[in-house]
Trainee: 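First, the structure itself, so that you have it in front of you.
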Amino acid sequence: MLQLDLSPEEAEVFLQEAEELLLALDEGLVRLEDESADRATLVQEIFRAAHTLKGSAGMIGHSQMAELLHAMESLLDRLRHSQLTVTPAIVDALLAGADMARRFVAEVATGQASGLDTAPVLERLRALAAGVQAPLEQAAGWELAPPEDIEVPEGQSLYEIRCTISRESVAPGARALQVLLALAQAGHVLSSRPQVDDLDEDWEGDRVHAFVLAPSAEALQKLLESISEVEPVILPAGGEPPSLAQPQEPSRGETPAPTERAPSAQPAAKAEGGSPEGDGGGTKGNGAGKSDGQVKWVRTSVERLDKLMNLVSELVTDRNRLLQVRANLVNQFGEQEGVMDLTEALTHISSVTDQLQDEVMRARMVPIEHVFNKFPRVVRDLARQLGKQVSLVIEGQETELDRTVIEEVNDPLLHLVRNAIDHGLEPPEERRLLGKPEKGLLRLAARSEESHIIIEVQDDGRGMDPHALRQAAVERGFLDAQAAAQLGDQEALELIFAPGFSTARKVSGVSGRGVGMDVVRTNIERLGGSVSIRTELGKGTTFELKLPLTLAIFPALTVEVLGSVYAIPLSAVVEALQVRTADIKTIRGREAIVTRGRVLPVVSLARFFYGQQPEDNGSCYVVEVRWGGTNLGLAVQRLLGRQEVVIKPLGRMVGEVPGISGGTIMGDGRVALIMDVASLVRALRRERQSPSA
Amino acid sequence: MQEQGKGSTREIQIVVFQLAKESYGIDIAKVQEIKAMSPITAVPRTPAFIEGVINLRGQITPVVNLHTRFGLPKAEYTKETRIIVVNMEGGERVGLIVDGVSEVMRLPEESIEPPSELVATIDSDFVRGIAKVSDERLVILLDLDKLLKATRELAIGAAA
Amino acid sequence: MPKILIVDDAQFMRMRCGKLLEKYGYEVVEAENGRQAVERYRECRPDAVLMDITMPEMDGLEALREIRKMDPAARVAMLTALGQQGVVIEAIKAGAKDFIVKPFEQERVLESLRKLLS
């Protein structure tokens, strides 16, 4: 159990802030590597975030986290003062620190210590801060030129003094002064850098370099050793490897950093007041934090929103019910006064319910930024791991999705991104040879259409080859040669979504194109969405995810199949046609119709669901649906209408039924089944493959 | 198990229902409500004993036909036919179609005997015991949890 | 037994520091601001002074100067907090022999004193 000085109310605030700060760290650090970025500002922001989080960690008594952040802060401080330049190693170490800080924050959330060992990360950070890992040229940094043409008096010798001041010192200038005063006391200072006059409030150097005349090295040694936080090195001027006294001060075993410090006034520490965003995290808040004038926010819990949503769903159902009741009354009693009163009230309730539904749905909307903002970090890490260079472009961050959809979309996106970097994008050398820019493009874009959100994951890499996929299918025994040959190009591409299919030519520890793609599609389709592929060999691939705005309520087309009512989500419907049974042809063993100049395969739902043939009265209806690039016609007995349905689960006892995603309660109180076009299509495919269905 | 200590006799409280002329009992603690038949929406491609789903005050609830489930000859619905809505482990509800519900009864535990080979109408796995209510009347006590669990497993297995 | 003058406006600080020094065999005298420090120094002639910088009535820097005027050989170490580099530099220029950062580690204080007194 973690012992922290933190009450539950405080915890909430701490965690919220911490999350924002961690995000700022991640985002800032990833952007830092971009050479074109405004590094000075970035480092300042990152520093602020680490500093603020460190403060909070200290206040609640999480000393491990505070210590870690302090180490990060120190390293960032060096960057801030240009004592170090940004290198991938430094960014890596800081990111590792940020990751660990994140885990510490999780500890605060759960109250459980996770037994993390900070030692390795701390070591890295401190070593980097001390400049140990930077490529060292030992001589650099001590650039004071030896004095020329001096007369060395009898009994004295010329010495070169190199004193390193501990980076931990809070007043290095004072130490430097002590050194210079000591040197002046023991001998005669010919030249020094810094000079006494350079030393003031703002001096932040870390060394004293001087040439002195003194009777002996020992005299100098003794005096210099008595100064805390200073590691003196005395060289006889002439540059011979000296017999050096051992460093005594506990200055953490540093060697000089390569960049020489100019003791100029540093603006950094003073600039606290000017930044517009306050502390490093920026104002991300909920919603995109945009302020058109004053946007006021109220916090509410996810549970409350879910409850509201449920209540509104119930209301919608009952409203539909009332409408039905009213219709019956009108049938029965005509437009009598009583009925008209009801109609009036109902019309109003109906309108208010619609608006309520709208507002609650909006309240549950969250900008996709919350998902996208994790990706720069992910992409960076993956690119490094896989030896690719990736330029990430993100568009449409403000596009809003229902929060349940957002939660579900993260993993599939992650998968697609991994896939694009691993298999889509070529390594830099290959790209160069192809005349492509070495940095591959990865684009994450979101936009909203009338009733959908579209998310694109696009790369400008190799593209996908339907022919190669067909071949692979045959080689893997997935399909026989004939079936493979019959696959259209688009269908061939979609092989990657078939469970158990993979064309990864080598295992790279990251998913191969195909492995896990079936999970991606399943997850998206379970949300009522779809995934489709657009690709051009050699140019790149785009995966397009189509997602509903919300999960629970959607418009549907109601139809009748052998006396039972089914609701087909309108998002899948292309159109509905009345068709003469005679027009249904059998082409290559399957039923189809010709519509708008193309062949549309047709499935009888009566046959699929009930194994029965409906009575043939000369015509029926075919609802054309589209799913993941496939078009299919569903033959039904009647079209009933169009309405909004609230989807509800059928219950665990029923289990998963192919072709059905749930049920909805109709206006008459009965349950109608909601069709799941995706699983229908999959079930059909399975049946085709094993024809003994 | 609802048990009342009355001195040294422990009692159980059960709902008694009829199925193909036999009386069965289930623990009242698990019974949510008893309702008259309502329109059942059949769900295709499910095992035969899943009669379908009903609308239970806004919640879609699956309904099991116990005749079919126990392999008894199918019966017509009469005005006595009822749906007993029970709670499964995990909170979900299931409706059980029965020929009729006769009463709620208290039984002393001592009157319950372990199931014998003689009463083999249904799978004895689901029978907790037989209660001799009177000389002419036996009530077969069902282990509802086991029954539901097994039923569910069958349902999943069938869907695969 | 060397006599040490501890100057700090915080009683808690004086107490802690005092306890530590006494434990290691020093004799302790206290003052709570610069003015008192100068007086005490005149009275007791301690062997060394630990002087806080920020104090009411007379701050550490000024007291240091006064004491050094009185006794150019006075051995004074400043007690400083973060962000006082400028003052510390001035103090060293004015004759302070060393400085210790607050909150101080026992080791540092003892070491500093040892150096001061040697």
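Model, not experiment: these values are computed from the prediction. Order of the sequence lines sets the chain letters (A, B, ...), proteins ahead of strands, with each chain counted from 1.
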Trainee: Please list, in residue-number order, every residue in residues 604-613 of chain A that has a heavy atom less than 4.5 Å from any heavy atom of chain B; write 'none' if there are none.
Mentor: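 Residues of residues 604-613 of chain A touching chain B at under 4.5 Å: A:Phe608, A:Phe609, A:Tyr610.
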Trainee: Given heavy-atom pairs under 4.5 angstrom as the criterion, report whether the side chain, backbone, both or neither of A:Leu650 touches chain B.
Mentor: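 A:Leu650 touches chain B through backbone and side-chain heavy atoms alike.
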Trainee: Can you name the nearest heavy-atom pair linking B:Glu92 to A:Met653, along with the distance?
Mentor: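 So the two residues come closest at OE1-N, 4.5 Å.
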Trainee: Side chain, backbone, both or neither: which part of B:Val63 has an atom under 4.5 Å from a heavy atom of chain A?
Mentor: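 Contact with chain A involves no heavy atom of B:Val63 at all.
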Trainee: Can you see which heavy atom on A:Pro649 is nearest to which on B:Ile60, and at what distance?
Mentor: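 Nearest pair, atom of A:Pro649 first, then B:Ile60: O-CB, 3.6 Å.
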Trainee: Can you pull the salt bridge (Lys or Arg N to Asp or Glu O under 4.0 Å) pairs that have at least one residue in residues 559-571 of chain A, sequence neighbours excluded?
Mentor: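 As it turns out, the salt bridge (Lys or Arg N to Asp or Glu O under 4.0 Å) pairs with a partner in residues 559-571 of chain A, which skip direct neighbours, are A:Glu560-A:Arg638.
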Trainee: Cut-off 3.5 Å, no hydrogens considered: what does the side-chain donor-acceptor table look like for residues 30-37 of chain B, sequence neighbours left out?
Mentor:
from, atom 1, to, atom 2, distance (Å)
B:Glu33, OE1, B:Arg57, NH1, 3.4
B:Glu33, OE1, B:Arg57, NH2, 2.9

Trainee: Is a side-chain N or O of B:Thr41 found less than 3.5 angstrom from the main chain of A:Val671, in a donor-acceptor match?
Mentor: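 Judged by distance alone, yes, a pair lies under 3.5 Å.
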Trainee: Any non-hydrogen side-chain atom of A:Val561 less than 4.5 Å from a side-chain atom of B:Pro44?
Mentor: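 No, every pair of side-chain atoms sits at 4.5 Å or beyond.
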Trainee: Applying side chain to side chain contact (heavy atoms under 4.5 Å, CB included), can you list everything that pairs with B:Ile112, at least two apart in sequence or on another chain?
Mentor: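 B:Ile12, B:Ala131, B:Leu141.
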Trainee: Under 4.5 Å from any heavy atom of chain A, what part of B:Val43 do you find: side chain, backbone, both or neither?
Mentor: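 Contact with chain A is through both the backbone and side chain of B:Val43.
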Trainee: Verify the neighbour count for atom CD of B:Glu103: are there more than 12 heavy atoms of other residues, nucleotides or ligands below 6.0 Å?
Mentor: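 Enclosed.
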Trainee: Can you measure from CD1 (B:Ile40) to CZ (A:Arg670) and round to the nearest 0.5 angstrom?
Mentor: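 Going from the CD1 atom of B:Ile40 to the CZ atom of A:Arg670 covers 10.5 Å.
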Trainee: Quick one, A:Arg652 with B:Glu153, criterion salt bridge (charged side-chain N to carboxylate O under 4.0 Å, His left out). Give me CA distance, side-chain angles, the key distance, then yes/no.
Mentor: CA-CA 10 Å; A:Arg652 283 187 307 161; B:Glu153 269 155 33; over 6 Å; no
